[in-house]
Amino acid sequence: MDRGTERGMPAGHMAAAGAPAGDVAAGRVPLAVVVVDRDGLVSHWSTGARRLFGTGKQEAIGRPAVDLLPVSGALPDDGDDEVPYGSWGGDDGLGPGLESSLDGRLSYPAAGRARLTVPGQDRLDVLWWAYPLVGPGRERLLVLAADAGALRRADHDDPVQTAAFERIAPAFALHTDFPGAEDLARRLPDILPSMSVGESARIVAQVLELGYPVLEFSQNDRVPVTPDWGVPRRAERRARRERAALAAAQGLPVPEEAADDEGEDLEYAAVRERLEFLNEVSGRIGTSLDLARTIVEVSRAVVPRFTDVAGTYLREQVVAGEGFPEGVPDTTTMWHRVALEHTDEPGRWDDVVPVGEAMPFPAHTPFFQCMTSGEPVLVPRISTEMGHAIASQFEKRDIRPLITHRSMLVVPLKARNVVLGFMILLRHPERAEFNDMDRVTGAELAARAGLVLDNARMYTYQESVAETLQDSMLPHIPARMAGCDIATRYLPGTLLGRVGGDWFDSVKLPGARTALVVGDVMGHGLNSAAMMGQLRTAVQTMAALDLPPAQLLRNLDDLAQRLGDTYLATCLYAVYDPIAGELSLANAGHIPPVLVRADGRSELLELPTGAPIGVGGVPFEAVRVRVRPGDRLVMCTDGLVEVRGEDIGVGLATLCESAAHPAASMDDACDTIIRALNTRGGRKDDVALLMARLNGIEPDDVAEWRLARDPAEVGRARAAVREQLHTWGLARLADPAELMVSELVTNAVRHSHGRPVELRLVRGDTLLCEVDDDDHELPTLLSAGPGDESGRGLRVVSTLAREWGTSRTAGGKTVWFELSLPRR
């Protein structure tokens, strides 16, 4: 590697690393070549390195590079103080330090300047370059260094040699103040024998156009490094300008040093412009965690200042907000075109490369090279052949007129060493081609954009998980239950925490009754949501046992005690009996519900408050409230009415007022409440809202019979049901209803212990049939064989009924079934 590198140096200006010091006068400058492996140890130490740093090869090989190379310290401001060996400094603080390359923090070439004292030698002013090495071997970094003082002592009569001495050691640089571009272009092949006349003309033209050096590391590859050591400190330049201004004011000649600043300022301005651009882009992207918005921000940030066309592609799983397996993408990976910004006429790109299209990329394309290597890919000009190859991926669309002869830069969007996507940047043919400095700028831009996109992706993924969890926790309540209509709303407390402990539910109970519940686990996050899920499941289970409200809350409190004392919860439990026109309610530390009468009056129901669930040892009381058809019950959590710094009574008054507001539907009524209370500032808690319109069931829609413990009563039950259904105009339901009633009454008569069997039909949205007896053992669905004498009754019911079930009651059990009413 040492010999190959030295062989590529400009003839007549760079010598082998082991050249004697006297050769400097002849235009030969010693070059130090050091290779650092992936463990940070020196694996190659050239003769030039021994001469420059004063350490022999045998002593250097295998030692940590940080012990031998200049990696810390600062240049003295006065230029006289010596800096200990192993210290370095970069003028004006520009550019990365060598330690950033040694420890692997930089993945791109870097350059700098160091001033050090070598034992037994004079103080040295050293120029250094660091080039990361990519490949299967252990070598990680190539470090080159040269004596800047030797460069300055060279012959300054030759302008080309002067430029080389001022700007380069392993590479050759050209600057904008060279006299005569054509003459320089002709002389370059003499200086660099491997360079063609056409290549030399291109380099000179690029230097004059862009205003900063072009570095050639080999005869084929350009090295994207802008040396920073040529830029003096700002304070020094400011002092020079002041001296120049003073001299001009006194009529004295302007010092030559002030004129030298002019060219240096051009270089500094170029670096500063790119830093300002990256800083501006960083400020424009990542203003939110919304993935779609972030994608648009990234694309618009680079058009038109940096490029004329910017197409952004992301992995399919990134767009969906999902996780994806680690590893390098392959030819089967699907990439979604998520954004396209350009300066062409409107609509020119839309039909050919529409946003939203998904496609894989073949292995021979520069896009595949970028996504698999994770490095930028620069194509100075897209040739006709490459245009054909790229266009072949687009079926029935000719993309060649849009891309051929344009300059292209493909940069990866990476985060945590994972390629999330890439950006395709194109410049118009009449605009300057992308160059190596653009490639470095594009890589830095993509690194910042990749991190922002990954943050948005992770937030989208977490948001999706939270929403899925919350949806699984909250029930999907039917809009109509027996004798009542129900509407609900749930609002998360904050956008960053969609999972909370608020919940609502409704449970079908025997006797056409409905249980309505609203609860709130104190706290937020996954733990609160998990606790909420446990309590909600327990409420459903105990409600199905038809426990009285106060007893249910007592049992729920006992359960919370067993689960642990970490969390407390409030709960409001109500049972609505549409036949009796009655509400039975019990409260465990929850805010009271609002009852809106049919005539528009609203009131807070006065209930015994009770202690929150989890306190333990506190009794609960139930209250019965008479209601009429058309009344509405509004139950909510305190997040809707409570605002920090405001008395909760204000929120409760607003709740009563907004709940009484006329509305065309239940959903509209809920929205009215939300608008009235949710627009106040300061709400941070979750909100659960449940509203039930209590329609009731008319006496004419209910038929009841008491049956003795006599098998003959089964025939009477069949006849009574058939007659009642004909009276209600439901003759089409008579046959299946009669058959199922026969099976249920037969079982009840057979298993009852003395109390009469009760049979009830309820006509509502469905036809409900209930059979009660005093046996507490619930029947189970059996698989009856051909020779079995029992077990077929419930099989018949489960086959013919729309829905059926069993539940225990205080005096025994209830077995019920429902049939859908015929359409009118």
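In this chain, numbering begins with 1 at the start of the sequence shown.
The shortest distance between side-chain heavy atoms of V33 and L142 falls below 4.5 Å. In this structure, the side chains of P376 and C370 stay at 4.5 Å or more apart for every pair of heavy atoms. A heavy-atom distance below 4.5 Å is found between the side chains of V353 and I399. Put simply, the side chain of P354 reaches to within 4.5 Å of the side chain of R337, judged on heavy atoms.
With hydrogens and angles disregarded, a donor-acceptor distance shorter than 3.5 Å links the side chain of N435 to the backbone of M437. Here the side chain of D330 pairs a donor or acceptor atom with the backbone of T333 at under 3.5 angstrom. With T331 contributing its side chain and A363 its backbone, the two residues share no donor-acceptor pair below 3.5 Å. When atom types are taken as modelled, the side chain of R381 and the backbone of H405 share a donor-acceptor pair closer than 3.5 angstrom. In this structure, the side chain of S383 engages the main chain of M386 through a donor-acceptor pair within 3.5 Å. Judged by distance alone, the side chain of K414 and the main-chain N or O of L420 form no donor-acceptor pair under 3.5 Å. A donor-acceptor contact shorter than 3.5 Å links the side chain of T307 to the backbone of L426.
Here the closest heavy-atom approach between residue V143 and residue L141 is recorded as CG2-CD2, 3.7 Å. The shortest non-hydrogen separation linking L68 to V42 is CD1-CG2, 3.9 Å. Counting all heavy atoms, side chain and backbone alike, T312 lies closest to M423 at OG1-CE, 3.8 Å. For R305 against R431, the heavy-atom pair with the smallest separation is O-NH2, 2.8 Å. For A65 against V36, the heavy-atom pair with the smallest separation is CB-CG2, 3.7 Å. In terms of heavy atoms, V302 sits closest to A310 at CG2-CB, 3.8 Å.
Among residues two or more places apart in sequence or in another chain, the side chain to side chain donor-acceptor pair (under 3.5 Å) test is passed with H428 by T343, D344, R406. The side chain to side chain donor-acceptor pair (under 3.5 Å) test applied to D37 returns no partner, not counting sequence neighbours.
Ion pairing between R427 and E433 fails under the 4.0 Å rule for side-chain N and carboxylate O.
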Please evaluate residues L52 and V126 with respect to the criterion side-chain contact (heavy atoms from CB on, under 4.5 Å), reporting the C-alpha separation (whole Å), side-chain torsions for both, the decisive distance (0.1 Å), and the verdict.
CA-CA 9 Å; L52 185 61; V126 175; 4.1 Å; yes
If you apply the rule side-chain contact (heavy atoms from CB on, under 4.5 Å), what do you find for L402 with V352, and how did you get there?
CA-CA 9 Å; L402 297 175; V352 181; 4.0 Å; yes
Dump the intermediate steps for side-chain contact (heavy atoms from CB on, under 4.5 Å) on V309 and L340, then the final yes or no.
CA-CA 7 Å; V309 181; L340 182 65; 4.0 Å; yes
Check the pair I424, M408 against side-chain contact (heavy atoms from CB on, under 4.5 Å), reporting the backbone distance first and the verdict last.
CA-CA 7 Å; I424 302 175; M408 181 173 69; 4.0 Å; yes
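Using cut-offs of 30° and 60° for the angle between ring planes, the Y313 and F361 rings count as perpendicular.
If you take OG on S43 and CD on E139, they are separated by 5.0 Å, rounding to the nearest 0.5 Å. Distance CD1/I61 to CH2/W45: 8.5 Å, rounded to 0.5 Å. Rounding to the nearest 0.5 Å places CG of D438 at 4.5 Å from CZ of F306. L144 CG to S46 OG: the interatomic distance, rounded to the nearest 0.5 Å, is 9.0 Å. Considering CZ of R315 and NE2 of H336, their distance stands at 12.5 Å, rounded to 0.5 Å. Note that CZ of R400 is 9.5 Å distant from OG1 of T384, once rounded to the nearest 0.5 Å.
For an aromatic pair to be called close, the ring centres must be under 6.0 Å apart, and F422 with W335 satisfies this.
The side chain to side chain contact (heavy atoms under 4.5 Å, CB included) test with F367 is passed by exactly one of I390, T372, V377: I390.
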